[in-house]
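Step one of this worksheet: look at the structure below.
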Amino acid sequence: MAKRKKISNINWSILLTILALLYVYPIIMIIFNSLKQETAITTNGAFTLPTSETFAGLANYVNAIESKGFLQSLGYSLLITVTSVAAILICCSMCAWFITRVKSKISQALYFLFVFSMVVPFQMVMFTLSQTADALKLNTPYNIWVIYLGFGAGLAVFMFAGFMKSVPLEVEEASMIDGCNPLQTFFRIVLPMLRPTLVSVGILEAMWVWNDYLLPTLVLDIKKYKTIPMLIQYFRGSYGRVEMGPMMACITLTVIPIVIVYLLGQKHIIKGVAAGAVKG
Amino acid sequence: MEKAIKRYSPIFVLPTLLAFTIGFIIPFLEGLYLAFCQFTTVRDAAFIGVGNFKRIFSDTTFLQSFKFTVLFALASIIIINVIAFGLALLLTRNLKGTNIFRTVFFMPNLIGGIVLGYIWQILINCVLSLVGEPLLALNSTAGYWGLIALVSWQQIGYMMIIYIAGLQNVSEDLLEAAQIDGASAWKTLWRVKLPMVMPSITICVFLTLTNSFKLFDQSLALTGGDPNHLTETLALNIYYTFYSRAGAQWKGLGQAKAVLFCVLVIVISLLQLKATRSKEVQQ
(Lines give C-alpha, C1' and ligand atoms only; values in the text may rest on other atoms or scores of the structure.)
Protein backbone atom coordinates (compact mmCIF):
# COMPACT_ATOMS: atom_id res chain seq x y z
CA MET A 1 0.00 0.00 0.00
CA ALA A 2 2.71 2.42 1.07
CA LYS A 3 4.81 1.42 -1.93
CA ARG A 4 1.95 1.91 -4.33
CA LYS A 5 1.37 5.35 -2.92
CA LYS A 6 5.02 6.18 -3.37
CA ILE A 7 4.98 5.18 -7.02
CA SER A 8 1.84 7.18 -7.72
CA ASN A 9 3.45 10.14 -5.97
CA ILE A 10 6.40 9.93 -8.34
CA ASN A 11 4.03 9.85 -11.30
CA TRP A 12 2.22 12.89 -10.02
CA SER A 13 5.51 14.68 -9.50
CA ILE A 14 6.51 14.01 -13.09
CA LEU A 15 3.17 15.29 -14.32
CA LEU A 16 3.47 18.42 -12.20
CA THR A 17 7.01 19.03 -13.45
CA ILE A 18 5.87 18.86 -17.06
CA LEU A 19 3.00 21.20 -16.28
CA ALA A 20 5.31 23.63 -14.49
CA LEU A 21 7.65 23.69 -17.49
CA LEU A 22 4.70 24.39 -19.78
CA TYR A 23 3.72 27.13 -17.36
CA VAL A 24 6.99 29.02 -17.61
CA TYR A 25 7.37 28.37 -21.34
CA PRO A 26 5.49 31.45 -22.61
CA ILE A 27 7.85 33.70 -20.65
CA ILE A 28 10.96 31.81 -21.80
CA MET A 29 9.70 32.05 -25.36
CA ILE A 30 9.41 35.85 -25.16
CA ILE A 31 12.91 36.09 -23.71
CA PHE A 32 14.63 34.12 -26.47
CA ASN A 33 12.63 35.87 -29.17
CA SER A 34 13.70 39.21 -27.79
CA LEU A 35 17.28 38.15 -28.58
CA LYS A 36 16.55 37.59 -32.27
CA GLN A 37 17.03 39.99 -35.14
CA GLU A 38 13.89 41.74 -36.36
CA THR A 39 13.79 39.83 -39.66
CA ALA A 40 14.11 36.51 -37.85
CA ILE A 41 11.04 37.09 -35.71
CA THR A 42 8.30 35.47 -37.76
CA THR A 43 4.87 34.24 -36.86
CA ASN A 44 5.66 30.58 -37.39
CA GLY A 45 9.18 30.78 -36.00
CA ALA A 46 8.33 31.92 -32.50
CA PHE A 47 9.22 28.51 -31.07
CA THR A 48 12.65 28.21 -32.66
CA LEU A 49 15.67 29.30 -30.66
CA PRO A 50 17.90 32.03 -32.08
CA THR A 51 20.81 30.64 -34.12
CA SER A 52 24.20 32.23 -34.60
CA GLU A 53 22.88 34.01 -37.72
CA THR A 54 19.69 35.34 -36.20
CA PHE A 55 21.09 36.19 -32.79
CA ALA A 56 20.84 39.93 -32.25
CA GLY A 57 22.50 40.25 -28.88
CA LEU A 58 21.03 43.04 -26.86
CA ALA A 59 20.21 45.21 -29.88
CA ASN A 60 16.47 45.06 -29.22
CA TYR A 61 17.00 46.10 -25.63
CA VAL A 62 19.17 49.02 -26.65
CA ASN A 63 16.51 50.04 -29.15
CA ALA A 64 13.73 49.75 -26.57
CA ILE A 65 15.62 51.84 -24.06
CA GLU A 66 17.09 54.42 -26.41
CA SER A 67 14.39 55.14 -28.94
CA LYS A 68 11.17 53.74 -27.52
CA GLY A 69 11.40 55.49 -24.16
CA PHE A 70 11.31 52.42 -21.97
CA LEU A 71 13.18 54.03 -19.08
CA GLN A 72 10.84 57.02 -19.08
CA SER A 73 7.84 54.71 -18.92
CA LEU A 74 9.46 52.72 -16.16
CA GLY A 75 9.99 55.96 -14.24
CA TYR A 76 6.37 57.06 -14.66
CA SER A 77 5.07 53.63 -13.69
CA LEU A 78 7.23 53.59 -10.58
CA LEU A 79 6.28 57.15 -9.63
CA ILE A 80 2.56 56.55 -10.06
CA THR A 81 2.62 53.22 -8.24
CA VAL A 82 4.64 54.47 -5.27
CA THR A 83 2.69 57.71 -4.75
CA SER A 84 -0.69 56.02 -5.22
CA VAL A 85 0.02 53.11 -2.91
CA ALA A 86 1.51 55.38 -0.23
CA ALA A 87 -1.52 57.67 -0.39
CA ILE A 88 -3.92 54.74 -0.27
CA LEU A 89 -2.18 53.10 2.71
CA ILE A 90 -2.01 56.25 4.85
CA CYS A 91 -5.31 57.90 4.00
CA CYS A 92 -7.44 54.77 3.84
CA SER A 93 -6.15 53.25 7.07
CA MET A 94 -6.95 56.51 8.87
CA CYS A 95 -10.35 56.69 7.26
CA ALA A 96 -11.10 53.05 8.08
CA TRP A 97 -10.14 53.57 11.72
CA PHE A 98 -12.47 56.52 11.98
CA ILE A 99 -15.32 54.60 10.37
CA THR A 100 -14.96 51.59 12.67
CA ARG A 101 -14.46 53.60 15.88
CA VAL A 102 -17.06 56.32 15.42
CA LYS A 103 -20.45 54.69 15.21
CA SER A 104 -22.80 57.03 13.42
CA LYS A 105 -25.20 56.95 10.50
CA ILE A 106 -22.77 58.94 8.40
CA SER A 107 -19.83 56.63 8.98
CA GLN A 108 -22.01 53.63 8.21
CA ALA A 109 -23.25 55.23 5.03
CA LEU A 110 -19.66 55.98 4.05
CA TYR A 111 -18.64 52.40 4.65
CA PHE A 112 -21.49 51.19 2.49
CA LEU A 113 -20.46 53.59 -0.29
CA PHE A 114 -16.87 52.35 -0.17
CA VAL A 115 -17.95 48.73 -0.41
CA PHE A 116 -20.34 49.62 -3.22
CA SER A 117 -17.53 51.28 -5.19
CA MET A 118 -15.57 48.00 -5.16
CA VAL A 119 -18.28 46.32 -7.17
CA VAL A 120 -18.78 49.00 -9.83
CA PRO A 121 -16.90 48.16 -13.05
CA PHE A 122 -14.52 50.80 -14.35
CA GLN A 123 -16.42 51.19 -17.63
CA MET A 124 -19.28 52.76 -15.68
CA VAL A 125 -17.17 55.77 -14.70
CA MET A 126 -14.38 55.81 -17.27
CA PHE A 127 -15.69 58.63 -19.42
CA THR A 128 -16.86 60.95 -16.65
CA LEU A 129 -13.78 60.19 -14.55
CA SER A 130 -11.39 61.19 -17.33
CA GLN A 131 -13.36 64.39 -17.88
CA THR A 132 -13.34 65.19 -14.15
CA ALA A 133 -9.59 64.54 -14.02
CA ASP A 134 -9.03 66.87 -16.96
CA ALA A 135 -11.17 69.61 -15.44
CA LEU A 136 -9.28 69.42 -12.13
CA LYS A 137 -5.89 69.14 -13.88
CA LEU A 138 -5.24 65.79 -12.22
CA ASN A 139 -3.91 64.48 -15.51
CA THR A 140 -0.16 64.19 -14.93
CA PRO A 141 1.86 61.33 -13.40
CA TYR A 142 2.61 63.66 -10.48
CA ASN A 143 -0.95 63.97 -9.24
CA ILE A 144 -2.85 61.06 -10.78
CA TRP A 145 -2.48 59.41 -7.37
CA VAL A 146 -5.51 61.43 -6.25
CA ILE A 147 -7.60 59.51 -8.76
CA TYR A 148 -6.09 56.21 -7.69
CA LEU A 149 -6.74 57.06 -4.05
CA GLY A 150 -10.35 57.78 -4.89
CA PHE A 151 -10.97 54.73 -7.03
CA GLY A 152 -8.86 52.36 -4.92
CA ALA A 153 -10.27 53.50 -1.58
CA GLY A 154 -13.08 50.95 -1.62
CA LEU A 155 -10.94 47.83 -1.35
CA ALA A 156 -8.46 49.43 1.06
CA VAL A 157 -11.04 50.78 3.49
CA PHE A 158 -12.92 47.49 3.36
CA MET A 159 -9.84 45.42 4.19
CA PHE A 160 -8.59 47.78 6.90
CA ALA A 161 -12.02 48.02 8.51
CA GLY A 162 -12.34 44.24 8.45
CA PHE A 163 -9.11 43.92 10.39
CA MET A 164 -9.81 46.75 12.84
CA LYS A 165 -13.08 45.23 13.94
CA SER A 166 -11.03 42.41 15.48
CA VAL A 167 -8.58 44.71 17.32
CA PRO A 168 -9.49 45.18 21.00
CA LEU A 169 -10.55 48.69 21.95
CA GLU A 170 -8.86 48.56 25.38
CA VAL A 171 -5.36 49.29 24.07
CA GLU A 172 -6.52 52.40 22.28
CA GLU A 173 -8.58 53.56 25.23
CA ALA A 174 -5.60 53.13 27.53
CA SER A 175 -3.43 55.28 25.27
CA MET A 176 -6.09 57.99 25.13
CA ILE A 177 -6.38 57.98 28.92
CA ASP A 178 -2.61 58.30 29.12
CA GLY A 179 -2.97 61.56 27.25
CA CYS A 180 -2.40 60.70 23.60
CA ASN A 181 -4.60 62.53 21.14
CA PRO A 182 -6.27 60.48 18.40
CA LEU A 183 -3.48 61.18 15.92
CA GLN A 184 -0.81 59.94 18.31
CA THR A 185 -2.93 56.94 19.23
CA PHE A 186 -3.39 56.07 15.59
CA PHE A 187 0.22 56.37 14.51
CA ARG A 188 1.83 54.90 17.64
CA ILE A 189 -0.67 52.21 18.62
CA VAL A 190 -3.00 51.30 15.78
CA LEU A 191 -0.74 51.54 12.74
CA PRO A 192 1.95 49.16 14.09
CA MET A 193 -0.72 46.56 14.83
CA LEU A 194 -1.98 46.93 11.28
CA ARG A 195 1.28 45.85 9.67
CA PRO A 196 0.14 42.54 8.13
CA THR A 197 -2.93 44.20 6.63
CA LEU A 198 -0.80 47.09 5.37
CA VAL A 199 1.38 44.58 3.53
CA SER A 200 -1.63 42.79 2.02
CA VAL A 201 -3.36 45.99 0.91
CA GLY A 202 -0.07 47.43 -0.34
CA ILE A 203 0.61 44.40 -2.53
CA LEU A 204 -2.91 44.25 -3.94
CA GLU A 205 -3.07 47.95 -4.75
CA ALA A 206 0.49 48.00 -6.15
CA MET A 207 -0.35 45.12 -8.51
CA TRP A 208 -3.45 46.94 -9.64
CA VAL A 209 -1.82 50.33 -10.23
CA TRP A 210 1.32 48.89 -11.83
CA ASN A 211 -0.60 46.79 -14.33
CA ASP A 212 -3.45 49.21 -14.92
CA TYR A 213 -3.86 50.16 -18.54
CA LEU A 214 -7.19 51.84 -19.15
CA LEU A 215 -7.24 54.46 -16.39
CA PRO A 216 -3.87 56.08 -17.20
CA THR A 217 -4.63 55.84 -20.93
CA LEU A 218 -7.82 57.85 -20.50
CA VAL A 219 -6.48 60.29 -17.92
CA LEU A 220 -2.89 61.00 -19.00
CA ASP A 221 -1.84 62.73 -22.20
CA ILE A 222 -0.45 59.76 -24.14
CA LYS A 223 1.89 61.92 -26.21
CA LYS A 224 3.69 63.13 -23.11
CA TYR A 225 3.37 60.34 -20.60
CA LYS A 226 3.26 56.60 -21.13
CA THR A 227 3.24 54.04 -18.34
CA ILE A 228 4.64 50.60 -19.17
CA PRO A 229 1.31 48.97 -20.12
CA MET A 230 0.56 52.02 -22.29
CA LEU A 231 3.95 51.75 -23.97
CA ILE A 232 3.42 48.09 -24.82
CA GLN A 233 -0.04 48.72 -26.20
CA TYR A 234 1.36 51.72 -28.13
CA PHE A 235 3.64 49.39 -30.10
CA ARG A 236 0.69 47.94 -31.94
CA GLY A 237 -1.44 51.03 -32.03
CA SER A 238 0.79 53.70 -33.42
CA TYR A 239 3.71 52.47 -35.47
CA GLY A 240 2.94 51.43 -39.02
CA ARG A 241 4.44 47.97 -38.65
CA VAL A 242 4.73 46.36 -35.26
CA GLU A 243 8.39 46.19 -34.29
CA MET A 244 8.37 42.83 -32.60
CA GLY A 245 11.96 42.81 -31.35
CA PRO A 246 11.84 45.95 -29.19
CA MET A 247 8.33 45.05 -28.10
CA MET A 248 9.45 41.67 -26.78
CA ALA A 249 12.43 43.34 -25.16
CA CYS A 250 10.02 45.68 -23.39
CA ILE A 251 7.83 42.77 -22.30
CA THR A 252 10.90 40.97 -20.93
CA LEU A 253 12.08 44.08 -19.11
CA THR A 254 8.59 44.39 -17.61
CA VAL A 255 8.17 40.78 -16.58
CA ILE A 256 11.63 40.12 -15.13
CA PRO A 257 11.43 42.67 -12.26
CA ILE A 258 7.97 41.38 -11.36
CA VAL A 259 9.30 37.81 -11.22
CA ILE A 260 12.25 38.88 -9.06
CA VAL A 261 10.08 40.86 -6.63
CA TYR A 262 7.72 37.91 -6.50
CA LEU A 263 10.45 35.37 -5.77
CA LEU A 264 11.83 37.57 -3.00
CA GLY A 265 8.53 38.23 -1.30
CA GLN A 266 6.38 35.34 -2.42
CA LYS A 267 5.21 34.36 1.04
CA HIS A 268 3.76 37.81 1.67
CA ILE A 269 2.47 38.14 -1.85
CA ILE A 270 0.60 34.84 -1.93
CA LYS A 271 -0.80 35.44 1.55
CA GLY A 272 -1.72 39.02 0.77
CA VAL A 273 -3.48 38.22 -2.46
CA ALA A 274 -5.34 35.29 -0.93
CA ALA A 275 -6.47 37.46 2.00
CA GLY A 276 -7.89 39.95 -0.46
CA ALA A 277 -9.74 37.22 -2.31
CA VAL A 278 -11.35 35.67 0.71
CA LYS A 279 -12.59 39.02 1.93
CA GLY A 280 -13.63 40.30 -1.46
CA MET B 1 -12.98 58.24 23.05
CA GLU B 2 -15.48 58.55 20.22
CA LYS B 3 -15.84 62.25 20.85
CA ALA B 4 -12.11 62.83 20.80
CA ILE B 5 -11.78 61.00 17.49
CA LYS B 6 -14.73 62.88 16.07
CA ARG B 7 -13.00 66.19 16.69
CA TYR B 8 -10.20 64.96 14.43
CA SER B 9 -12.51 63.85 11.66
CA PRO B 10 -11.19 66.39 9.12
CA ILE B 11 -7.72 64.87 9.35
CA PHE B 12 -8.85 61.26 9.37
CA VAL B 13 -11.64 61.23 6.85
CA LEU B 14 -11.36 64.25 4.62
CA PRO B 15 -8.38 63.27 2.39
CA THR B 16 -9.90 59.93 1.46
CA LEU B 17 -13.38 61.37 1.19
CA LEU B 18 -12.28 64.19 -1.11
CA ALA B 19 -10.39 61.83 -3.42
CA PHE B 20 -13.31 59.39 -3.29
CA THR B 21 -15.70 62.16 -4.30
CA ILE B 22 -13.49 63.13 -7.24
CA GLY B 23 -12.56 59.60 -8.24
CA PHE B 24 -15.85 57.84 -7.69
CA ILE B 25 -18.94 59.66 -6.44
CA ILE B 26 -19.01 62.50 -8.99
CA PRO B 27 -18.11 60.32 -12.01
CA PHE B 28 -20.63 57.69 -10.94
CA LEU B 29 -23.56 60.10 -10.51
CA GLU B 30 -22.64 61.98 -13.66
CA GLY B 31 -22.36 58.71 -15.55
CA LEU B 32 -25.77 57.65 -14.33
CA TYR B 33 -27.28 60.93 -15.54
CA LEU B 34 -25.42 60.94 -18.87
CA ALA B 35 -26.86 57.55 -19.78
CA PHE B 36 -30.12 59.44 -20.36
CA CYS B 37 -28.49 62.17 -22.44
CA GLN B 38 -26.98 62.87 -25.81
CA PHE B 39 -23.49 64.33 -25.44
CA THR B 40 -19.91 64.51 -26.62
CA THR B 41 -18.46 66.08 -23.45
CA VAL B 42 -19.91 66.38 -19.97
CA ARG B 43 -20.94 70.00 -20.59
CA ASP B 44 -23.02 69.71 -23.74
CA ALA B 45 -25.34 66.99 -22.43
CA ALA B 46 -29.00 67.19 -23.49
CA PHE B 47 -31.53 65.05 -21.68
CA ILE B 48 -33.28 62.62 -24.01
CA GLY B 49 -34.81 60.03 -21.66
CA VAL B 50 -34.50 56.28 -22.17
CA GLY B 51 -33.69 56.48 -25.88
CA ASN B 52 -30.12 55.27 -25.38
CA PHE B 53 -31.30 52.16 -23.56
CA LYS B 54 -33.76 51.30 -26.34
CA ARG B 55 -30.97 51.53 -28.89
CA ILE B 56 -28.80 49.07 -26.97
CA PHE B 57 -31.01 46.19 -28.00
CA SER B 58 -30.82 46.97 -31.68
CA ASP B 59 -27.01 47.16 -31.52
CA THR B 60 -25.91 43.80 -32.89
CA THR B 61 -22.29 44.17 -31.71
CA PHE B 62 -23.51 44.55 -28.12
CA LEU B 63 -25.68 41.45 -28.31
CA GLN B 64 -22.78 39.58 -29.91
CA SER B 65 -20.39 40.69 -27.15
CA PHE B 66 -22.93 39.68 -24.51
CA LYS B 67 -23.20 36.22 -26.03
CA PHE B 68 -19.43 35.96 -26.32
CA THR B 69 -18.91 37.04 -22.71
CA VAL B 70 -21.45 34.54 -21.36
CA LEU B 71 -19.98 31.65 -23.36
CA PHE B 72 -16.48 32.68 -22.42
CA ALA B 73 -17.41 32.99 -18.73
CA LEU B 74 -19.05 29.54 -18.66
CA ALA B 75 -16.09 27.74 -20.23
CA SER B 76 -13.42 29.57 -18.26
CA ILE B 77 -15.21 29.06 -14.91
CA ILE B 78 -15.37 25.31 -15.44
CA ILE B 79 -11.84 24.91 -16.80
CA ILE B 80 -10.13 27.16 -14.25
CA ASN B 81 -11.87 25.70 -11.23
CA VAL B 82 -11.51 22.04 -12.19
CA ILE B 83 -7.79 22.37 -12.91
CA ALA B 84 -7.13 24.60 -9.90
CA PHE B 85 -8.89 22.15 -7.60
CA GLY B 86 -6.99 19.22 -9.08
CA LEU B 87 -3.68 21.00 -8.58
CA ALA B 88 -4.65 21.91 -5.02
CA LEU B 89 -5.36 18.22 -4.30
CA LEU B 90 -1.95 17.24 -5.66
CA LEU B 91 -0.15 19.99 -3.78
CA THR B 92 -1.65 18.94 -0.44
CA ARG B 93 -0.23 15.41 -0.74
CA ASN B 94 3.22 16.32 0.61
CA LEU B 95 4.90 15.71 -2.72
CA LYS B 96 8.49 16.78 -3.16
CA GLY B 97 8.89 20.28 -4.55
CA THR B 98 5.39 21.37 -3.56
CA ASN B 99 6.62 24.87 -2.81
CA ILE B 100 8.30 25.27 -6.17
CA PHE B 101 5.18 24.13 -8.00
CA ARG B 102 3.04 26.51 -5.98
CA THR B 103 5.38 29.40 -6.78
CA VAL B 104 5.41 28.63 -10.50
CA PHE B 105 1.67 28.20 -10.89
CA PHE B 106 0.89 31.40 -9.04
CA MET B 107 3.35 33.60 -10.91
CA PRO B 108 1.38 34.56 -14.07
CA ASN B 109 -1.18 36.17 -11.80
CA LEU B 110 1.16 39.08 -11.19
CA ILE B 111 1.66 39.94 -14.85
CA GLY B 112 -0.59 42.64 -16.26
CA GLY B 113 -3.39 41.93 -18.73
CA ILE B 114 -1.88 43.85 -21.65
CA VAL B 115 1.46 42.03 -21.38
CA LEU B 116 -0.31 38.68 -21.01
CA GLY B 117 -2.38 39.42 -24.09
CA TYR B 118 0.64 40.03 -26.29
CA ILE B 119 2.58 37.04 -24.97
CA TRP B 120 -0.33 34.78 -25.83
CA GLN B 121 -0.98 36.44 -29.14
CA ILE B 122 2.55 35.56 -30.27
CA LEU B 123 2.26 32.03 -28.88
CA ILE B 124 -1.16 31.25 -30.35
CA ASN B 125 -0.36 32.75 -33.75
CA CYS B 126 2.72 30.57 -33.94
CA VAL B 127 0.72 27.43 -33.14
CA LEU B 128 -1.96 28.42 -35.68
CA SER B 129 0.55 29.04 -38.44
CA LEU B 130 2.32 25.74 -37.74
CA VAL B 131 -0.92 23.77 -38.10
CA GLY B 132 -1.98 25.86 -41.11
CA GLU B 133 -5.04 27.57 -39.62
CA PRO B 134 -5.93 31.26 -40.10
CA LEU B 135 -4.28 33.56 -37.55
CA LEU B 136 -6.09 35.20 -34.62
CA ALA B 137 -7.05 38.29 -36.59
CA LEU B 138 -9.24 36.14 -38.85
CA ASN B 139 -10.10 33.24 -36.61
CA SER B 140 -12.78 33.80 -33.99
CA THR B 141 -12.77 30.20 -32.73
CA ALA B 142 -9.07 30.48 -31.96
CA GLY B 143 -9.76 33.86 -30.37
CA TYR B 144 -12.34 32.33 -28.07
CA TRP B 145 -10.23 29.38 -26.95
CA GLY B 146 -7.12 31.51 -26.88
CA LEU B 147 -8.72 33.91 -24.44
CA ILE B 148 -9.77 30.96 -22.28
CA ALA B 149 -6.23 29.57 -22.35
CA LEU B 150 -4.87 32.98 -21.40
CA VAL B 151 -7.13 33.56 -18.40
CA SER B 152 -6.64 29.96 -17.29
CA TRP B 153 -2.89 30.49 -17.31
CA GLN B 154 -3.41 33.68 -15.33
CA GLN B 155 -5.97 32.62 -12.77
CA ILE B 156 -5.49 28.91 -12.08
CA GLY B 157 -2.68 29.58 -9.63
CA TYR B 158 -4.73 32.13 -7.73
CA MET B 159 -7.72 29.84 -7.33
CA MET B 160 -5.37 26.97 -6.48
CA ILE B 161 -4.08 28.96 -3.47
CA ILE B 162 -7.63 29.45 -2.19
CA TYR B 163 -8.41 25.75 -2.66
CA ILE B 164 -5.21 24.73 -0.88
CA ALA B 165 -6.20 26.89 2.10
CA GLY B 166 -9.63 25.25 2.07
CA LEU B 167 -8.24 21.71 1.86
CA GLN B 168 -5.78 22.34 4.68
CA ASN B 169 -8.72 23.28 6.89
CA VAL B 170 -10.38 19.88 6.46
CA SER B 171 -9.79 18.22 9.82
CA GLU B 172 -7.51 15.20 10.03
CA ASP B 173 -10.03 13.42 12.27
CA LEU B 174 -12.61 13.49 9.54
CA LEU B 175 -10.23 12.01 6.96
CA GLU B 176 -9.09 9.37 9.42
CA ALA B 177 -12.67 8.44 10.23
CA ALA B 178 -13.38 8.03 6.53
CA GLN B 179 -10.32 5.82 6.15
CA ILE B 180 -11.34 3.62 9.10
CA ASP B 181 -14.80 3.28 7.61
CA GLY B 182 -13.09 1.89 4.52
CA ALA B 183 -13.81 4.75 2.13
CA SER B 184 -11.75 4.71 -1.05
CA ALA B 185 -9.70 7.77 -2.01
CA TRP B 186 -12.30 8.61 -4.64
CA LYS B 187 -15.16 8.39 -2.14
CA THR B 188 -13.26 10.45 0.43
CA LEU B 189 -12.85 13.13 -2.19
CA TRP B 190 -16.51 13.25 -3.18
CA ARG B 191 -18.14 12.69 0.21
CA VAL B 192 -15.72 14.37 2.62
CA LYS B 193 -13.29 16.79 1.00
CA LEU B 194 -15.61 18.33 -1.56
CA PRO B 195 -18.43 19.18 0.87
CA MET B 196 -15.91 20.55 3.37
CA VAL B 197 -14.35 22.97 0.88
CA MET B 198 -17.69 24.21 -0.42
CA PRO B 199 -16.99 27.77 0.87
CA SER B 200 -13.76 27.92 -1.17
CA ILE B 201 -15.59 26.64 -4.23
CA THR B 202 -18.22 29.36 -3.91
CA ILE B 203 -15.56 32.05 -3.58
CA CYS B 204 -13.59 30.78 -6.57
CA VAL B 205 -16.58 30.31 -8.83
CA PHE B 206 -17.79 33.82 -8.24
CA LEU B 207 -14.32 35.31 -8.50
CA THR B 208 -13.85 33.67 -11.90
CA LEU B 209 -17.36 34.76 -12.87
CA THR B 210 -16.82 38.45 -12.05
CA ASN B 211 -13.32 38.38 -13.53
CA SER B 212 -14.66 36.95 -16.77
CA PHE B 213 -17.42 39.51 -16.99
CA LYS B 214 -15.12 42.44 -16.34
CA LEU B 215 -12.34 41.19 -18.63
CA PHE B 216 -10.88 44.04 -20.67
CA ASP B 217 -7.08 44.33 -20.97
CA GLN B 218 -6.54 40.73 -22.02
CA SER B 219 -9.25 40.87 -24.65
CA LEU B 220 -7.97 44.19 -26.01
CA ALA B 221 -4.40 42.94 -26.35
CA LEU B 222 -5.08 39.39 -27.55
CA THR B 223 -7.58 39.99 -30.35
CA GLY B 224 -8.93 43.51 -29.92
CA GLY B 225 -12.32 42.02 -30.82
CA ASP B 226 -11.15 40.76 -34.22
CA PRO B 227 -12.40 39.41 -36.49
CA ASN B 228 -15.39 41.69 -37.01
CA HIS B 229 -16.27 42.16 -33.30
CA LEU B 230 -16.72 38.40 -32.91
CA THR B 231 -14.37 38.08 -29.91
CA GLU B 232 -15.33 41.28 -28.11
CA THR B 233 -16.07 41.11 -24.40
CA LEU B 234 -18.74 43.41 -22.95
CA ALA B 235 -16.21 45.77 -21.39
CA LEU B 236 -14.36 46.05 -24.70
CA ASN B 237 -17.57 46.68 -26.60
CA ILE B 238 -18.40 49.58 -24.28
CA TYR B 239 -14.93 51.01 -24.74
CA TYR B 240 -15.19 50.88 -28.53
CA THR B 241 -18.64 52.47 -28.47
CA PHE B 242 -17.14 55.40 -26.56
CA TYR B 243 -13.81 55.90 -28.20
CA SER B 244 -13.66 54.50 -31.71
CA ARG B 245 -16.76 56.12 -33.12
CA ALA B 246 -17.19 59.85 -33.69
CA GLY B 247 -20.52 61.60 -33.15
CA ALA B 248 -22.85 62.55 -30.33
CA GLN B 249 -25.12 59.52 -30.61
CA TRP B 250 -22.39 57.04 -29.62
CA LYS B 251 -21.23 58.44 -26.28
CA GLY B 252 -24.76 58.31 -24.87
CA LEU B 253 -25.19 54.77 -26.13
CA GLY B 254 -21.85 53.79 -24.59
CA GLN B 255 -22.81 55.25 -21.24
CA ALA B 256 -26.18 53.47 -21.31
CA LYS B 257 -24.40 50.19 -22.05
CA ALA B 258 -22.04 50.93 -19.16
CA VAL B 259 -24.98 51.41 -16.77
CA LEU B 260 -26.54 48.16 -17.90
CA PHE B 261 -23.18 46.43 -17.52
CA CYS B 262 -22.79 47.90 -14.04
CA VAL B 263 -26.23 46.62 -12.99
CA LEU B 264 -25.32 43.19 -14.32
CA VAL B 265 -22.08 43.06 -12.34
CA ILE B 266 -23.82 44.31 -9.17
CA VAL B 267 -26.48 41.59 -9.47
CA ILE B 268 -23.78 38.94 -9.86
CA SER B 269 -21.92 40.32 -6.83
CA LEU B 270 -25.07 40.34 -4.69
CA LEU B 271 -25.71 36.73 -5.61
CA GLN B 272 -22.13 35.98 -4.65
CA LEU B 273 -22.56 37.63 -1.26
CA LYS B 274 -25.76 35.70 -0.62
CA ALA B 275 -24.22 32.39 -1.64
CA THR B 276 -21.11 32.89 0.48
CA ARG B 277 -23.15 33.96 3.49
CA SER B 278 -25.49 30.96 3.32
CA LYS B 279 -22.52 28.59 3.07
CA GLU B 280 -20.91 30.20 6.09
CA VAL B 281 -23.99 29.45 8.22
CA GLN B 282 -23.71 25.73 7.58
CA GLN B 283 -20.11 25.59 8.71
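In the text below, chain A, chain B and the rest are named by the order of the sequence lines, each starting its count at 1. Reckoned from all heavy atoms, side chains included, excluding hydrogens, waters and symmetry mates.
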Any heavy-atom pair between the side chains of [Y] and [X] that's under 4.5 Å?
X: Met207(A); Y: Asn109(B); answer: yes
X: Tyr118(B); Y: Phe235(A); answer: no
X: Leu16(A); Y: Leu91(B); answer: yes
X: Phe20(B); Y: Phe151(A); answer: no

Measuring heavy-atom distances to chain B, does [X] have an atom under 4.5 Å in its side chain, in its backbone, in both, or in neither?
X: Ile203(A); result: neither
X: Met124(A); result: both
X: Met126(A); result: both
X: Thr17(A); result: both

Which atoms of [X] approach chain A - backbone, side chain, both or neither, heavy atom under 4.5 Å:
X: Ser152(B); value: backbone
X: Leu34(B); value: side chain
X: Phe213(B); value: neither
X: Ile161(B); value: side chain
X: Lys257(B); value: neither

Practice problem: Mind checking side chain to side chain donor-acceptor pair (under 3.5 Å) for Asp212(A) and listing every partner two or more places apart, or none if nothing turns up? | Solution: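 Checked Asp212(A) against side chain to side chain donor-acceptor pair (under 3.5 Å); matches are Tyr148(A).
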
Contact winner vs chain A - [options], heavy-atom pairs under 4.5 Å:
options: Leu123(B), Leu270(B), Ile111(B); value: Leu123(B)
options: Gly112(B), Cys126(B), Gly23(B); value: Cys126(B)
options: Cys204(B), Gly157(B), Cys262(B); value: Cys262(B)
options: Asn125(B), Leu29(B), Ile119(B), Leu264(B); value: Ile119(B)
options: Phe105(B), Phe28(B), Phe242(B); value: Phe105(B)
options: Leu32(B), Leu95(B), Ile268(B); value: Leu95(B)

Quiz item: Is it true that Phe127(A) and Phe39(B) have ring centroids separated by less than 6.0 Å?
Solution: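 Ring-ring flag for Phe127(A)/Phe39(B): true, centres closer than 6.0 Å.
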
Self-check item: Ring centres under 6.0 angstrom apart (Phe12(B), Phe186(A))
Solution: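 Between Phe186(A) and Phe12(B), which both carry aromatic rings, the centre distance is below 6.0 Å.
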
Self-check item: Set of salt bridge (charged side-chain N to carboxylate O under 4.0 Å, His left out) partners for Lys36(A), sequence neighbours left out
Solution: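 Here no residue qualifies.
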
Quiz item: Taking Val115(B) as the fixed residue, which of Ile232(A), Ile228(A), Thr252(A), Ile30(A) is the one that meets the side chain to side chain contact (heavy atoms under 4.5 Å, CB included) rule?
Solution: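 Answer after filtering Ile232(A), Ile228(A), Thr252(A), Ile30(A): Ile232(A).
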
Quiz item: If you look at every heavy atom in Ser13(A) and Phe101(B), which pair is closest and at what distance?
Solution: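 Heavy atoms only, the tightest pair is O-CZ, 4.0 Å.
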
Quiz item: If you look at every heavy atom in Val102(A) and Ile5(B), which pair is closest and at what distance?
Solution: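 Shortest heavy-atom separation between Val102(A) and Ile5(B) comes out as CG2-CG2, 3.9 Å.
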
Quiz item: With respect to chain B, which residue among Ile27(A), Ile88(A), Ile177(A), Leu263(A) yields the maximal number of heavy-atom pairs within a distance under 4.5 Å?
Solution: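 When all of Ile27(A), Ile88(A), Ile177(A), Leu263(A) are compared, Ile27(A) has the most.
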
